[in-house]
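For reference, the structure discussed in these notes is given below.
Counting starts at 1 for both ligands and their atoms, following the listed order.
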Amino acid sequence: MTFTTPTPPQIEAAYAVARERYAALGVDTEAAMATLAAVSISLHCWQGDDVGGFENPGAPLEGGIAATGNYPGKARNADELRSDLDLVYRLLPGRHRLNLHAIYAETGGAKVGRDELRPEHFAAWLDWAKAGGHGIDFNPTCFSHPLAADGLTLAHPDPAIRRFWIDHCIACRRIGAHFGRALGTPCITNIWIPDGMKDTPVDRLGPRQRLRESLDTILAEPLDPAHNCDAVEAKLFGIGSESYVVGSHEFYLGYAINRPGLILCLDTGHFHPTELVSDKISSVLLYVRDILLHVSRGVRWDSDHVVTLSDETQAIMQEVVRGGFLPRTHIGLDFFDASINRIAAWTIGARNALRALLLALLEPTDRLRELELIGDTTARLALLEELKGMPWGAVWDVYCYRHDVPVGASFLNEVRRYEADVLAARRP
Ligand code: RNT
Ligand code: ZN
């Protein structure tokens with residue numbers, strides 16, 4: 001099935017109507033689009049190859065996370081992954097960043113320990129990012145490794161194992177600073193570790209003390225925040241760490257509050273199903289300078305489904321916009337669906353994050369706030385519900401059109417073409 005696009009005159013005509021409708025509510029659609037254009041989403045490289053990386057091709061994904069599905073055509077090496085990413089970026093309006101993991105190093109076949117990784121192992125990524133105008137963010141990979149086999153890394157009781165992971169994280173911060181310096185935009189180096197226990201531990205405190213000490217050591221070296229900024233990511237549970245996770249939300253929130261400038265990462269899939277990241281943002285940003293979002297879609301467990309335009313995705317972006325938090329919020333994506341075309345997965349998820357953000361920017365927040373302040377909760381509800389039917393899709397279409405990317409579902413035509421021309425030739 002081929003998807004057709006509206007013609008430019010149709011796009012413009014629909015937009016003219018939408019612009020008037022929004023203007024009547026006091027919303028400036030041009031200003032909303034200008035704000036949106038300044039936002040760079042960090043596209044996670046790991047959707048392209050099911051979090052495999054190139055360190056040890058075929059090695060299983062470990063660390064309490066899992067990618068399910070075996071859709072054909074996954075990237076087998078860095079060149080393929082970059083080529084796939086190039087297509088995704090061409091299908092997204094705006095200029096966006098890349099979020100890289102340490103296992104995506106290119107060592108030219110040489111075995112390089114993760115504690116010995118250096119900027120030169122990412123030279124090809126850097127050149128490519130420079131050419132494409134992408135900032136880079138980075139992550140130590142503290143999973144899928146023999147020294148993480150028992151599910152503990154920075155909190156491991158064995159000081160030698162702990163030291164290995166500390167050195168890996170130190171190496172990653174330096175690589176991050178190198179990216180930031182070279183690209184002129186700070187790299188966010190985000191630490192997530194899988195450490196936890198399958199069954200109820202006796203000692204919940206010891207591992208947390210060790211993790212705190214490890215983090216102190218990792219972060220001891222001062223790096224210019226214009227080059228590298230550090231983030232930490234909490235989690236409720238993982239596969240095999242159902243009973244206890246060392247780096248819980250409270251652990252990292254407390255740690256970040258005590259370390260000025262440290263960014264707190266909130267992953268949408270890392271909390272109780274009834275607990276919402278949208279409700280945490282305004283609390284966290286009272287005490288922490290910046291947040292990093294891992295926009296994902298948790299389904300029952302931290303299953304990392306492709307981001308949809310769900311109520312929660314919208315609520316998160318509303319909170320970011322309503323609070324004036326855009327300058328303090330770094331938006332990254334984190335999902336890995338191996339059951340559908342991976343390039344479509346990336347594109348659908350990223351476009352939905354952008355659409356949710358646009359919707360939030362098209363809200364007459366001042367009016368809603370006024371109604372709330374005078375206690376007119378009837379009108380607040382009425383207006384909020386009416387907004388759902390406003391012609392925001394016409395604004396999104398013109399935004400895509402102006403950025404020279406496919407309008408509507410027609411982006412899928414290009415994905416299908418690439419699938420036939422490029423992906424189909426890839427054998428595992
Ligand atoms: C895992 C975390 C983490 C990873 C990536 C691959 O639960 O969400 O962010 O998904 O580092
Ligand atoms: Zn995450």
Side-chain angles (χ1 to χ4, degrees), residues 41-55 59-68 74-75 81 97-105 114 136-145 148 151-154 165 168-169 172 175-176 187-196 230-242 244-249 251-252 263-273 275 277 280 291-307 312-313 316 329-338 342 345-346 349-350 353:
I41 288 195
S42 199
L43 212 63
H44 55 312
C45 74
W46 52 92
Q47 164 62 62
D49 74 333
D50 316 336
V51 212
F54 313 125
E55 184 185 70
L61 172 58
E62 289 170 335
I65 53 179
T68 52
K74 83 169 169 188
L81 191 55
R97 304 173 65 86
L98 172 75
N99 197 5
L100 208 53
H101 238 284
I103 43 171
Y104 292 81
R114 290 193 198 169
I136 298 186
D137 300 307
F138 200 48
N139 305 263
T141 312
C142 302
F143 52 85
S144 302
H145 189 280
L152 292 164
T153 62
L154 291 177
W165 291 111
H168 173 51
C169 292
C172 287
I175 294 165
C187 170
I188 297 183
T189 301
N190 176 51
I191 299 178
W192 172 76
I193 58 165
D195 298 39
D230 301 287
V232 285
E233 180 179 4
K235 192 164 179 172
L236 176 66
F237 78 97
I239 304 166
S241 58
E242 290 87 353
Y244 170 69
V245 162
V246 183
S248 61
H249 181 52
F251 175 90
Y252 281 120
I263 299 171
L264 188 72
C265 175
L266 297 170
D267 182 309
T268 342
H270 285 194
F271 296 89
H272 280 285
E275 211 181 346
V277 164
K280 298 183 187 300
I291 54 167
L292 166 64
L293 295 176
H294 270 191
V295 186
S296 178
R297 177 164 53 107
V299 178
R300 303 205 183 272
W301 61 286
D302 164 36
S303 50
D304 304 281
H305 285 58
V306 176
V307 170
E312 176 58 1
T313 310
I316 288 171
T329 305
H330 310 274
I331 305 175
L333 306 176
D334 186 6
F335 49 82
F336 23 102
D337 189 339
R342 293 172 185 79
W346 255 325

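- Applying the salt bridge (Lys or Arg N to Asp or Glu O under 4.0 Å) criterion to Glu55, with sequence neighbours excluded, gives Arg114.
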Short N or O separations between ligand 1 and the protein, below 3.5 Å:
residue: ligand 1; atom: 7 (O); partner: Lys235; partner atom: NZ; Å: 2.7
residue: ligand 1; atom: 7 (O); partner: His270; partner atom: NE2; Å: 2.9
residue: ligand 1; atom: 7 (O); partner: Asp302; partner atom: OD2; Å: 3.4
residue: ligand 1; atom: 8 (O); partner: Glu233; partner atom: OE2; Å: 2.9
residue: ligand 1; atom: 8 (O); partner: Asp267; partner atom: OD2; Å: 3.0
residue: ligand 1; atom: 8 (O); partner: His270; partner atom: NE2; Å: 3.0
residue: ligand 1; atom: 8 (O); partner: Asp334; partner atom: OD2; Å: 2.8
residue: ligand 1; atom: 9 (O); partner: Glu233; partner atom: OE1; Å: 2.8
residue: ligand 1; atom: 9 (O); partner: Glu233; partner atom: OE2; Å: 3.1
residue: ligand 1; atom: 9 (O); partner: His294; partner atom: ND1; Å: 3.2
residue: ligand 1; atom: 9 (O); partner: Asp334; partner atom: OD2; Å: 2.9
residue: ligand 1; atom: 10 (O); partner: Asp334; partner atom: OD1; Å: 3.1
residue: ligand 1; atom: 10 (O); partner: Asp334; partner atom: OD2; Å: 2.7
residue: ligand 1; atom: 11 (O); partner: His101; partner atom: NE2; Å: 2.7

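- Separation of atoms CG (Leu100) and CG (Leu43) is listed at 11.5 Å; rounding is to 0.5 Å.
- Taking Asp230 as the reference, Arg173 meet the salt bridge (Lys or Arg N to Asp or Glu O under 4.0 Å) condition, with sequence neighbours excluded.
- Between His270 and Trp192, the ring-plane angle classifies as tilted under the 30° and 60° cut-offs.
- Take the Zn ion (ligand 2) and draw a sphere of radius 2.8 Å; the protein N/O/S atoms inside it number 4.
- For the atom pair His330 NE2 and Ile263 CD1, the distance stands at 4.0 Å (nearest 0.5 Å).
- Atom NE2 of His249 and atom CG of Leu236 lie 11.0 Å apart (nearest 0.5 Å).
- A donor-acceptor contact closer than 3.5 angstrom is absent between the side chains of Trp46 and Asn99.
- Side-chain contact annotation: His305 with Ser303, donor-acceptor N/O pair under 3.5 Å present.
- Residues Asp334 and Ser296 bring no donor and acceptor atom of their side chains to less than 3.5 Å of each other.
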